2 protein chains.
Amino acid sequence: MNIGEASEASGVSAKMIRYYEEIGLVRPAARTGNNYRIYGEDEVHVLRFVKRARSLGFSLEETETLLKLWQDKSRESAAVRQVATAHIADLERRIAEMQGMVNTLKHLAQCCGGDHRPDCPILDDLAGVSSAAGESSAEPIAP
Amino acid sequence: MNIGEASEASGVSAKMIRYYEEIGLVRPAARTGNNYRIYGEDEVHVLRFVKRARSLGFSLEETETLLKLWQDKSRESAAVRQVATAHIADLERRIAEMQGMVNTLKHLAQCCGGDHRPDCPILDDLAGVSSAAGESSAEPIAP
DNA sequence: ATAGGGCTTCCCATCATGGGAAGGTCAAGG
DNA sequence: CCTTGACCTTCCCATGATGGGAAGCCCTAT
C-alpha cells in the first residue's frame with residue numbers, strides 16, 4: 001500500500017501520516033526502491049487507532065501514551081483509565097468554561113434589541129458598563 | 001502611562017498589547033522621545049474591551065468587528081447581536097462535540113475494570129474492536 | 001559609576017493541520 | 001518512444017493566540 005491508499009484506508013491524511021512519522025508517533029514506514037513509503041494492515045490499524053483517539057479529543061501526546069499502552073500486552077487497564085479520566089476532566093473543564101460564555105452571551109443577546117437603534121447591552125458589557133445585564137462572565141446567571 | 005502600567009490597568013500583557021498593535025487591532029500608541037509607547041485612559045478602555053471580548057471567547061477577528069461597532073456611534077444593535085449569536089452557535093457546536101466525546105469516554109471508562117489486568121474496553125474501542133461498548137463517538141449513549 | 005528595572009525590536013516555540021513548490025517515478029495511451 | 005497525468009518525495013510557510021528570551025537602549029536610585 002502506498003501512502004495514499006493508507007490514507008484512504010485509515011482516514012488520516014497523507015500529510016499527517018508523514019508528520020506522525022516525523023515526530024515519532026508512529027514508526028517510520030518501510031520504503032520501496034523508489035523511496036515510496038509502504039504500509040500494511042498493521043500500520044493502517046495503528047493509524048486508525050490514532051484517528052479514533054484524536055476524534056475523542058486526545059492530544060497527540062496522550063495518543064502516544066495510549067498507543068504504547070495498547071501495544072504493551074502487560075499493561076494494567078488502570079493506567080489506560082487514568083489517561084481517559086484525566087482527559088474527561090479536562091474536557092469537562094473546557095465545556096464548563098464555554099458554557100459560562102454561552103450563558104453570559106445569551107443573557108446579553110436577549111437584552112439586546114437587535115434593531116436599528118445603536119443601544120446595545122452587549123457592547124455595554126464589553127465596554128465595562130456595569131448595567132443590570134453584564135455580570136462576571138464565568139458566573140452563573142442566577143443571583 | 002507606559003506599556004507596563006497599561007498592561008496592569010487593562011489586564012492585557014505587554015506582549016499582547018504590542019501584538020494587537022502590530023496586527024492592527026488597536027491603533028499604534030503614541031511614542032515618547034525615548035521611543036516608549038504611551039497610553040491614556042481611552043487606550044486602556046479599548047484594551048479592556050478586547051480583554052473582555054476574548055474572555056467571552058470571541059476571536060481577535062470578531063473582536064475587531066465588535067470594536068469597530070462599538071466605536072461606530074451609528075451602528076445598529078442588530079449587527080452586534082448577529083455577531084454574538086453566531087458566536088453562541090459556534091460555542092454550542094463545540095460544546096456538543098466535546099460533550100459527545102465525554103459521553104463516549106465516560107461510558108468506556110465505566111466499562112473498564114481499571115485494575116491490574118490488561119483487558120480494557122477503552123483500548124478496544126480505539127483499536128476499532130466493535131465491542132458492546134464502543135459505538136460512534138458523537139452519538140448519544142442511549143440505545 | 002553602576003545596578004536594576006523597564007522599555008524596544010527580533011526571533012523562536014507552541015499544537016495540529018493544511019497549502020504549495022520543485023522534482024522524482026510510474027502507468028497508460030498517443 | 002514520448003507525453004500526460006497521477007502519484008510520490010522533501011522542504012518551506014501559514015494558521016491563532018500567546019509566551020519566552022536575547023540583545024540593546026533608557027532612566028533612576030544608590
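On a predicted model such as this, the values are computed, not experimentally measured, just so you know. Quick note on labels: first sequence line is chain A, next is B, and so on, each numbered from 1.
Where DNA chain D meets chain A (any atom under 4.0 Å from a heavy atom), the bounding nucleotides read 5' to 3' are D:dC7 to D:dC11.
In this structure, B:Gln99 and A:Ile95 have side chains that are in contact, with non-hydrogen atoms separated by less than 4.5 Å.
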Report task. Go through the steps for A:Glu92 and B:Lys106 under the test salt bridge (charged side-chain N to carboxylate O under 4.0 Å, His left out), then give the verdict. Result -> CA-CA 11 Å; A:Glu92 290 189 322; B:Lys106 279 194 165 173; 2.8 Å; yes
Requested in this report: Determine, step by step, whether B:Ser10 and B:Val44 satisfy the side-chain contact (heavy atoms from CB on, under 4.5 Å) criterion, reporting the C-alpha distance in whole Å, the side-chain angles of both residues, the deciding distance to 0.1 Å, and the verdict.
Outcome: CA-CA 6 Å; B:Ser10 64; B:Val44 168; 4.2 Å; yes
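Of the N and O atoms on the side chains of A:Ser77 and B:Asp119, not one donor lies less than 3.5 Å from an acceptor on the other residue.
A heavy atom closer than 4.0 Å to some atom of DNA chain D occurs in A:Ile3, A:Gly4, A:Lys15, A:Arg18, these being the qualifying members of residues 3-25 of chain A. Proximity of residues 31-39 of chain A to DNA chain D (heavy atom under 4.0 angstrom from any strand atom) is restricted to A:Arg31, A:Asn35, A:Tyr36, A:Arg37.
Between the NZ atom in B:Lys15 and the CD1 atom in B:Ile3 there is a gap of 10.0 Å [rounded to 0.5 Å]. Here A:Leu60 contributes atom CG and A:Leu67 contributes atom CG; the two are 10.5 Å apart, rounded to the nearest 0.5 Å.
Mapping B:Ser59 and A:Asn2 onto DNA chain D by nearest heavy atom places A:Asn2 at the nucleotide closer to the 5' end.
Ion pair B:Arg18/B:Glu22 not flagged as a salt bridge, since none of the NZ, NE, NH1 or NH2 atoms sits closer than 4.0 Å to an Asp/Glu carboxylate oxygen. Note on B:Arg94 versus B:Asp90: salt bridge recorded, some NZ/NE/NH1/NH2 to OD/OE distance being below 4.0 Å.
Here the shortest heavy-atom pairing between A:Lys73 and B:Pro118 reads O-CB, 3.5 Å.
Note on ring orientation: taking the six-membered ring where Trp is involved, the planes of B:Trp70 and B:His45 are perpendicular (angle over 60°, cut-offs 30° and 60°).
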